[in-house]
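Chain letters run A, B, ... following the sequence lines, proteins first, then strands; residues in each count from 1. What you see is a predicted model; the values in this text were computed from it and never measured.
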Amino acid sequence: MHGAMSSSGPRFRFAPSPTGMFHVGGARSALHNWALARQMGGAFVLRIEDTDEARNNPEWTQGIIDALAWIGISADDEHFEGPHFQSANADAHVAAAQRLFEAGVAYYCDLSGQEVQDRAKELGITGYDGYSRDRGLDPAPGRVLRFRVPDGTTIVHDEVRGEVTFDNSTIEDFVLLRGNGTPVFLLANVVDDIEMSITNVVRGEEHLPNTPKQQMLWQALGHEPPQWAHIPVLVNEQRKKLSKRRDKVALEQYRDDGIVADAMVNYLMTLGWTMPGGEEAGSEIFPWSEMEAAFSLSAVSLSPAFFDVKKLVAFNKQYIKNMTVADFVEAVDADLPPDWDRARFTEIAPHIMERLERLGDAPGVVDFLFLGDGVDPEIDADAWAKAVKPEWATTLLGEITEAYDALGADEWTHETLKATMETLMVAHEIKLGKAQALPRVAVTGRSVGPPLFEALEVLGQAETVRRLRVGMTRAARSAATD
RNA sequence: GCCCCCAUCGUCUAGCGGCCUAGGACUCCACCCUUUCAAGGUGGCAGCACGGGUUCGAAUCCCGUUGGGGGUGCCA
């Protein structure tokens, strides 16, 4: 699973914490790293940040790998490296902290969180005031190790935002090691990046405020900081950062909802970035290979983007429509009841592909073909009432039924079925659109569905005629009650 | 409160001083086509937050205001 480390190109990383479902924002970030690593012949390093919280991760880790694979980030690809686990590197984190302490750039403090707050309130400031900076405390249980933030300013060079300057006086002496001796994210993250020779950190904007701190750590540890890049966050309709509590953010959920992976990937890439050439093409739909080659951080927008499910679905429709029948049938297989005849489904598949918003909608539009012979579909009352209303409707239904019944087996094709109906309808001076209404409801139970004649061809002559006859009976009953 | 970031149609965006009476995509509406529904075609509604500068000329540069977002943990 560990990819080749032979490449000398840039090393990107994706470092999710295994806290559950895979966030769509994380997916976009992963895609950016993936595109860059591949186009530059570098590495995409997957590191699972499993410190604390979720300790037993095999399940979640596999979930992350599966989710990545779904959007095309394959662990088998030569550019893929990992997964590495942050927890396996705990000793190095502590050792780095130790070095920082010995070098005098970090010091111990015995104030509890509460005490820090109380002092701040008393002093009228916010955060930690550097109380223990010069107290020369030794390590001891309960004492935290803090970084001694130097005077001056820290300039972060960001590939999407340019230069961002922070006045160090606004950065408090932050914690490196907790009272129980364990490292915090800020430290562990930097130490791991250094150990894994990461050269490019591309992550969400929410990390921008952490960056000066991490940059100082890189330097204090004797390394040149990586090339930073902070991409804008994804927000909901309230313009708030997508949150697991309020919003539907799990990639897996969209997958289960019938969103095609390529559509998700394509849509995610349009958020904050525009594929060159899209305007001329009049479309934003592009194959991954082209987006991967064209993606550039300097072209990424600076503002948060709303994750619009409507547009995602529009993309999904496009992708479903453009699938091959074989791929489509394979993709919806899991959504189909096991007893449905796959061969029959394959016959009708081309006719429903351009009508679906989501893969999961497929069964619901063709279920009338899989009822089994002799089983009547459930007739929608409103649809039926509307279809029988015209005075010619019942008469025409009868004529069609007899004509279809009289057809030879080799004549049971959608062309003949259509031509037969057209011949009969002229006497009533109506168009095909109206003529097919009642037969459609009689056979399928609904007023909308796949093209009628194609569906009837698949259904077969015997069952079609049988249902039409049932329809005749029903029509007679409708007339009686009127 | 403090720090940082951001600001073009409802949404995602193109635009990087004159090509902009601001272009595309999604949504919505109308019409055409049509075997229902879709798809497709054509057209339409809709935007440079505001105020000052700079300039012959500003959506584009500068300043301010307002608005939004992110961060302010011994979470990651």
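Among A:Leu176, A:Leu177, A:Val175, the one residue that satisfies the side-chain contact (heavy atoms from CB on, under 4.5 Å) test with A:Pro183 is A:Leu177.
Of the C1' atoms belonging to B:A58 and B:G51, the separation is 15 Å, rounded to the nearest Å. Going from the P atom of B:C19 to that of B:C26 covers 27 Å, rounded to whole Å. When the C1' atom is compared between B:G52 and B:C20, the two are found 24 Å apart, to the nearest whole Å. A gap of 30 Å separates the P atoms of B:C48 and B:G71, to the nearest Å. Nucleotides B:G68 and B:C61, compared at atom P, are 23 Å apart to the nearest Å. Between the P atoms of B:C45 and B:A25, the separation comes to 15 Å (whole Å). Taking the P atom of each, B:U36 and B:G18 are spaced 50 Å apart, rounded to whole Å. Only the C1' atoms considered, B:A49 is 37 Å distant from B:G41, to the nearest whole Å.
Note on A:Ser301: only backbone sugar-phosphate atoms sit closer than 4.0 angstrom, heavy atoms only; bases stay farther off. If you check every strand for non-hydrogen atoms under 4.0 Å, A:Thr270 touches sugar and phosphate atoms only. In this structure, A:Asn180 reaches neither bases nor backbone, as no heavy-atom distance under 4.0 Å exists between it and the strands shown. As judged by a 4.0 angstrom heavy-atom cut-off over every strand, A:Val164 is placed among residues touching the sugar-phosphate backbone only. Nucleic acid contact for A:Leu111: base, since at least one base atom lies under 4.0 Å from a heavy atom of the residue. Within the 4.0 angstrom heavy-atom criterion, no nucleotide atom of any strand lies near A:Arg446. Within 4.0 Å of A:His207, counting heavy atoms only, lies at least one base atom of the nucleic acid. Within 4.0 Å of A:Gly127, counting heavy atoms only, lies no atom of the nucleic acid at all. Across all strands shown, A:Phe174 has no heavy atoms under 4.0 Å from either base or sugar-phosphate atoms. Using a 4.0 Å heavy-atom cutoff across all strands shown, A:Ala437 reaches no nucleic acid atom at all.
The CG atom of A:Leu137 sits 17 Å away from the P atom of B:C74 (whole-angstrom rounding). One interatomic measurement links the two molecules: CG of A:Asn266 to P of B:U13, which rounds to 14 Å at whole-angstrom precision. We find that CD of A:Glu163 is positioned 15 Å from C1' of B:C4, with the value rounded to whole Å. Atom pair A:Glu115:CD and B:G73:C1' shows a separation of 16 Å (rounding to whole Å applied). Whole-Å rounding puts the A:Asp158 CG to B:C6 C1' distance at 13 Å. Following rounding to the nearest Å, A:Ile125 (CD1) and B:U72 (P) show an atom-to-atom distance of 17 Å. Between A:Leu187 atom CG and B:C75 atom C1' the separation is 15 Å, expressed in whole Å. The distance between atom CZ of A:Arg146 and atom P of B:G73, rounded to the nearest whole Å, is 10 Å.
Annotation: of the two residues near RNA chain B, A:Glu206 and A:Gly142, the 5′-most nearest-nucleotide partner is A:Glu206. If A:Phe306 and A:Thr126 are placed on RNA chain B by their nearest nucleotide, the residue sitting closer to the 5' end is A:Thr126.
When the shell of 6.0 Å around CG of A:Asn180 is examined, it contains more than 12 heavy atoms from other residues, nucleotides or ligands. No more than 12 heavy-atom neighbours from other residues, nucleotides or ligands sit within 6.0 angstrom of NZ on A:Lys431. Counting non-hydrogen atoms of neighbouring residues, nucleotides and ligands closer than 6.0 angstrom, the NZ atom of A:Lys389 reaches no more than 12 such neighbours.
Contact annotation: A:Lys241 side-chain N/O to B:G71 OP1/OP2 distance is under 4.0 Å. Between A:Arg239 and B:C12 there is a side-chain polar atom (N or O) within less than 4.0 angstrom of OP1 or OP2.
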*Scan nucleotides 25-38 of chain B nucleotide by nucleotide, 5' to 3', and note B when protein non-hydrogen atoms come under 4.0 Å of the base, S if they reach only the sugar-phosphate, - if neither.*
BSS-------BBBB
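In this structure B:A58 sits in no base pair that meets the Watson-Crick or G-U test at under 3.5 Å. With a cut-off of 3.5 Å on both pairing distances, B:C74 has no Watson-Crick or G-U wobble partner at all. Using N1 to N3 plus N6-O4 or O6-N4 for Watson-Crick, or N1-O2 and O6-N3 for G-U wobble, each under 3.5 Å, B:A7 pairs with B:U66.
Ring pair A:Tyr131/A:Tyr107: centre-to-centre distance not below 6.0 Å.
Separation of atoms CE (A:Met264) and CG (A:Asp257) is listed at 9.0 Å; rounding is to 0.5 Å. Interatomic distance, A:Asp110 CG to A:Arg135 CZ, rounded to the nearest 0.5 Å: 4.0 Å.
Between A:Lys240 and A:Asp247, no side-chain nitrogen of the basic residue sits less than 4.0 Å from a carboxylate oxygen of the acidic one, so the salt-bridge criterion is not met.
Under 3.5 Å, the side chains of A:His414 and A:Glu457 contain a donor-acceptor pair of N or O atoms.
Cation-pi geometry between A:Arg446 and A:Phe368 is not satisfied (NZ or CZ under 6.0 Å from the ring centre, within 45° of the ring normal).
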